[in-house]
Asks: 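Here it is: the structure, laid out below.
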Amino acid sequence: MTTRTVRSFKPSWRETTIGTAAFFGVWYFVALIGIAPAKFFPMPHEVLAKLFALTHTQFAGATLQMHLLSSLHRYAMGFLLAIVIGLPLGLLMGRFRWLDVVVTPLFDALRFIAPVAWVPFAALWFGTGIGGPTLIIFAGAFPPILINAYRGARGVDPRYLEAASMLGIGSFKTITDVLFPAAIPSIIAGLRVGAGLGWMSLVGAELIAANRGVGYLIVKGQSAVDTPIVMAGMIAIGAVGVVIDVVLRKLEKHLLRHRKS
Amino acid sequence: MSEITFTNVSRSFERDGNMFLAVDSVSLTVRDREFVAIVGPSGCGKTTCMRMAAGLEFPTAGQVTVSGKEVISPGPDRAVVFQQFALFPWKTVSENIDFGLRAKGLDEAERRRIVEHNIALMNLRGYETAFPHQLSGGMQQRVAIARAYALDPDVLLMDEPFGALDAQTRVVMQEELVKLARLNPRTVLFITHAVDEAVYLADRVVIMTSRPGKIKEILDVKAVRDAENWDQHSRIEDVMDLASFVHLRTRIWKSLREEHAGDDH
Ligand SMILES: Nc1ncnc2c1ncn2[C@@H]1O[C@H](COP(=O)(O)OP(=O)(O)O)[C@@H](O)[C@H]1O
Ligand SMILES: [Mg+2]
């Protein structure tokens with residue numbers, strides 16, 4: 001069982017405020033000294049104003065919320081697909097040596113291909129609606145989910161497996177009722193990394209999105225040389241990424257509430 | 001008839017590229033409903049012997065049978081109580097005990113009856129929904145024993161089950177185990193390095209030599225216990241005061257001392 005020795009640091013309101021203020025201060029400073037033409041380096045208030053404007057006026061055919069919703073839809077599909085395939089496959093590879101031997105070389109070669117590299121094939125195979133982008137997000141989320149499920153299964157304390165076999169637990173039940181719960185700390189770590197990488201692949205995925213999505217919004221903002229829109233899109237992606245991680249951390253805490261830390 | 005037999009059992013392990021003999025030609029029969037304790041210096045192969053009876057380890061020579069069948073895999077007919085409990089931390093007390101019963105395919109009412117019975121037997125009432133980490137070491141070990149008993153196994157294999165407990169808890173557990181063993185005798189192979197415990201619990205005590213582990217001698221405790229009527233005393237300290245108990249204990253001590261004298265340390 002992995003034990004977490006690193007205590008999570010809980011920032012207070014004061015520290016959060018100072019950090020945010022410092023961030024905007026540096027931003028203003030850099031914008032004012034003019035390292036890039038003002039047109040290409042918008043001030044924070046311009047970006048925030050644009051962010052707000054995007055919530056009620058349409059750009060690239062939709063408001064920000066509609067773009068986000070569309071992105072989240074693709075993301076959920078890609079991420080869930082990565083879980084549905086990666087998690088059981090990882091556990092089975094950790095349990096059965098022959099599967100490990102068959103899958104690992106193939107997987108090792110594929111996982112170094114950046115998700116965006118799949119863009120042409122994703123579009124050709126699955127189209128530009130939901131299928132293609134989903135594949136890109138899948139390509140980002142799948143490797144860490146599989147690897148961590150696999151490591152979790154390999155690292156299970158053999159005493160649990162011995163106890164299970166002594167109790168007469170069958171092979172399938174041993175995977176679902178012993179291997180899986182014992183590997184949960186590692187699995188959750190994989191979900192968090194996979195969720196992050198999947199969300200980071202969003203812009204790449206939406207390079208080929210037909211007409212919606214935050215990534216699509218950014219791409220359109222770039223063609224219109226509207227840098228506040230590009231930055232507003234980036235902020236929206238960052239904010240949603242944080243929310244996803246917070247949700248997964250809550251889930252982790254909930255699932256591990258009965259374990260000794 | 002559930003007997004455990006070791007016939008010329010040897011087991012070697014590899015260490016630093018060399019094979020070394022951990023268990024050397026052990027022949028032993030634990031008879032039906034007999035309680036046999038194995039004592040010996042640490043590292044003499046006690047755990048290895050127990051694991052071979054459980055089917056978690058296999059002899060390099062010789063044969064282990066339980067109830068006449070060669071042991072080829074672990075199974076609920078040979079319940080194990082591990083030294084470090086090995087409870088499932090994500091399951092409650094009840095769920096830990098119930099897990100093996102589900103695998104046996106018993107119906108829900110029957111399972112609930114067995115779980116409740118063993119919870120009561122092991123003094124775990126009120127802790128049904130607790131998780132292992134919320135319990136003391138002694139209580140965790142009681143859950144592990146309840147889990148083993150619930151299987152209603154032909155034989156019980158216990159590897160220093162009280163080794164990790166504090167002295168007071170250990171005494172309580174030993175008295176409870178004696179009560180259970182006399183009430184409902186089972187075939188038990190009990191590993192310990194505590195001589196008192198072995199003499200108090202067992203019908204026969206097997207003394208093993210240090211590396212490689214061989215059987216040095218086997219003492220018949222039951223003959224003395226019955227002759228001197230130890231079981232009229234319910235408290236362990238009263239039994240341990242008896243001259244016949246002290247005599248047996250001293251004999252085993254001396255025998256084990258010779259093993260330590262031959263050791264490096
Ligand atoms: N799986 C194993 N691999 C290598 N050596 C082992 C293994 N299991 C036990 N041994 C060695 O065999 C010897 C006997 O071990 P064990 O049966 O655990 O002794 P005991 O329980 O009497 O203390 C020890 O020297 C131990 O290091
Ligand atoms: Mg041992």
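Each chain gets a letter, A, B and so on, in the order its sequence line appears, and its residues count up from 1.
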Asks: Side chain, backbone, both or neither: which part of B:R102 has a non-hydrogen atom closer than 4.5 Å to chain A?
Replies: neither
Asks: Can you list the residues that meet the ring pair (Phe, Tyr, Trp, His ring centres under 6.0 Å) rule with A:F138, with sequence neighbours excluded?
Replies: A:F142
Asks: Using a cut-off of under 4.5 Å for heavy-atom pairs, which of B:G55, B:A54, B:A150, B:G75 has the most such pairs with chain A?
Replies: B:G75
Asks: Can we say B:E176 and B:K179 salt-bridge, meaning some charged N sits less than 4.0 Å from an Asp/Glu carboxylate O?
Replies: no
Asks: With salt bridge (Lys or Arg N to Asp or Glu O under 4.0 Å) as the criterion, how do A:R249 and A:E252 come out once you've worked through the C-alpha distance, each side chain's angles and the decisive distance to 0.1 Å?
Replies: CA-CA 5 Å; A:R249 255 191 286 184; A:E252 175 177 31; over 6 Å; no
Asks: Heavy-atom pairs under 4.5 Å with chain A: which of B:R78, B:Q134, B:R147 has the most?
Replies: B:R147
Asks: Taking the basic N atoms (NZ, or NE/NH1/NH2) and the acidic carboxylate oxygens, is any pair closer than 4.0 Å for B:D152 and B:R186?
Replies: yes
Asks: Run A:S71 and A:E206 through side-chain contact (heavy atoms from CB on, under 4.5 Å) and show every step you take.
Replies: CA-CA 8 Å; A:S71 290; A:E206 291 178 352; 2.7 Å; yes
Asks: Checking heavy atoms, do the side chain of B:L87, its backbone, both or neither come under 4.5 Å from chain A?
Replies: backbone
Asks: The criterion is ring pair (Phe, Tyr, Trp, His ring centres under 6.0 Å); which residues satisfy it with A:Y75, sequence neighbours excluded?
Replies: A:F79, A:W199
Asks: Do any N or O atoms from the side chain of B:N184 and from the backbone of B:L180 form a donor-acceptor pair under 3.5 angstrom?
Replies: no
Asks: Tell me, side chain or backbone of B:K91 under 4.5 Å from chain A's heavy atoms, or both, or neither?
Replies: side chain
Asks: Please determine, among B:P76, B:A103, B:A148, B:P132, the option with the most heavy-atom pairs under 4.5 Å with chain A.
Replies: B:P76
Asks: Among residues 26-34 of chain B, which ones touch chain A with a heavy-atom distance under 4.5 Å?
Replies: none
Asks: Quick check with a 6.0 Å cut-off and a 45 degree axis cone: is B:R170 positioned over the face of B:F162's six-membered ring?
Replies: no
Asks: Quick one: side chains of residues 62-74 of chain B, donor-acceptor pairs under 3.5 Å with protein atoms, not counting sequence neighbours, listed by atom name and distance.
Replies:
residue, atom, partner, partner atom, Å
B:Q63, NE2, B:E70, OE1, 3.2
B:T65, OG1, B:T5, OG1, 2.4

Asks: Which one, B:F85, B:F82, B:F88, leads in non-hydrogen pairs under 4.5 Å with chain A?
Replies: B:F88
Asks: Okay, side chain of A:T134, backbone of A:M77: is any donor-acceptor separation there less than 3.5 Å?
Replies: no
Asks: Of the listed residues (A:E162, A:R159, A:M166), which shares the most heavy-atom pairs with chain B below a 4.5 Å separation?
Replies: A:M166
